[in-house]
Structure formats: C-alpha cells, structure tokens
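What follows is a set of notes on a single structure, which appears directly below.
Only this structure's heavy atoms are used, side chains among them; waters, hydrogens and symmetry mates stay out.
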Amino acid sequence: QVQLVESGGGSVQAGGSLRLSCVVYEYTYISNNVAWFRQAPGKEREGVAAIRPAPDGGTYYADSVKGRFTLSRDNAKNTVYLEMNSLKPEDTAMYYCASTWRWVDYPPKMADFAYWGQGTQVTVSS
C-alpha cells in the first residue's frame, strides 16, 4: 500500500517562508509523478505544483505561486519538497501531497492521482 506523509506546515506572517516535505513510501517512488494540491475553506482543491520523474523532470507551477514556490526531489530519501517563499494570506490552506505512476498532463487534476497524504496546514497572517 502506498503511503504519503506530509510535514512542514505551520503559521507564518506574510512574506515568510515554509518548506513542506512529502515522503512517498512506495518502491516505485522514483518513477512517480508527485504533486502538491491545496484547499482553502469553502474552495475547491487546486493543483499548486507538480514534478515528473527523471529523466523528464518537468515541473508545473500554478500562476498564483510561480516565482515564489519551488519543487525539488531527493530520490535517496523518497521525498519531494515544496519550498514556499514570500507567502501571502491567500496561500492559507491545507496542503496535500499526491502521487501516481501514470503519466500526468499539466495542469494536474485531482483525478490523475491515486494516492494522497493526510495534509498539512499552512496559515499565513497579514
């Protein structure tokens, strides 16, 4: 069974930074697409960023986070990181990590991903 575990959420002031981590407990991790979604209260879950496995390694960022968020992956640790800088109050949401071994077109959609983590809360105050 595939398990994803997120960590790194918290409360910060606007302009601050956080780094989210997603550990993917699956032997095919290195071949997996991994994405971060977020869901704010009363809103639909949206794809924030995604990364393809090597050799492609392509990334996707939503316009709302482009230039502020950066994805990276450490294959030795089965971990994908989401570095979030210049955070804004509108970034406040529950952030979820998702994974699939299937090909994913960008922008990523929830239906593309079979496996999900439990979420980590990010709160940005003004």
Decide whether Asn33 and Thr100 meet the rule of one side-chain donor and one side-chain acceptor closer than 3.5 Å.
-> no
Heavy-atom closest pair (Gly8 atom, Leu18 atom, distance to 0.1 Å) is O-CD2, 3.8 Å
Closest non-hydrogen atom pair between Ala62 and Gly47, with its separation = CB-O, 3.7 Å
Does anything in [range] pair up under salt bridge (Lys or Arg N to Asp or Glu O under 4.0 Å), and if so which pairs, sequence neighbours excluded?
{"range": "residues 11-23", "value": "none"}
{"range": "residues 88-98", "value": "Arg38-Asp91, Arg68-Asp91"}
{"range": "residues 112-126", "value": "Lys109-Asp112"}

As an exercise, state the distance from [atom1] of [X] to [atom2] of [Y], rounded to the nearest 0.5 Å.
{"X": "Arg73", "Y": "Asn32", "atom1": "CZ", "atom2": "CG", "answer": "7.0 Å"}
{"X": "Met110", "Y": "Phe37", "atom1": "CE", "atom2": "CZ", "answer": "7.0 Å"}
{"X": "Leu20", "Y": "Leu71", "atom1": "CG", "atom2": "CG", "answer": "10.0 Å"}

Can you name the residues that form a side chain to side chain donor-acceptor pair (under 3.5 Å) with [X], not counting sequence neighbours?
{"X": "Asp63", "result": "Lys66"}
{"X": "Ser17", "result": "Asn85"}
{"X": "Gln39", "result": "Arg45"}

Hey, quick one: are [X] and [Y] part of the same hydrophobic cluster, counting side-chain heavy atoms closer than 4.5 Å, chains of contacts allowed?
{"X": "Tyr95", "Y": "Leu4", "result": "yes"}
{"X": "Val48", "Y": "Met84", "result": "yes"}
{"X": "Met94", "Y": "Trp36", "result": "no"}

Contact list for residues 83-126, test disulfide (SG to SG under 2.5 Å), sequence neighbours left out | Cys22-Cys97
If we only count heavy atoms from C-beta on, is the Asp74 to Tyr81 side-chain gap below 4.5 Å?
-> yes
Within a strict 4.5 Å, meaning less than it, do heavy atoms of the Val80 and Ile51 side chains meet?
-> yes
Using a 4.5 Å side-chain heavy-atom cut-off and chaining through intermediate ILVMFWY residues, the residues clustered with Trp103 come out as none
What side-chain donor-acceptor pairs closer than 3.5 Å can you find for residues 116-126, not counting sequence neighbours?
residue : atom : partner : partner atom : Å
Trp116  : NE1  : Phe113  : O            : 3.1
Gln118  : NE2  : Glu6    : O            : 3.3
Gln118  : NE2  : Glu6    : OE1          : 3.4
Thr120  : OG1  : Gly9    : N            : 3.1
Gln121  : NE2  : Ala93   : O            : 3.4
Gln121  : NE2  : Thr123  : OG1          : 3.4
Ser125  : OG   : Val12   : O            : 3.4

Just grab all the ring-ring contact (aromatic ring centres under 6.0 Å, His included) pairs involving residues 53-73, residues at least two apart or on different chains.
-> Tyr60-Tyr106
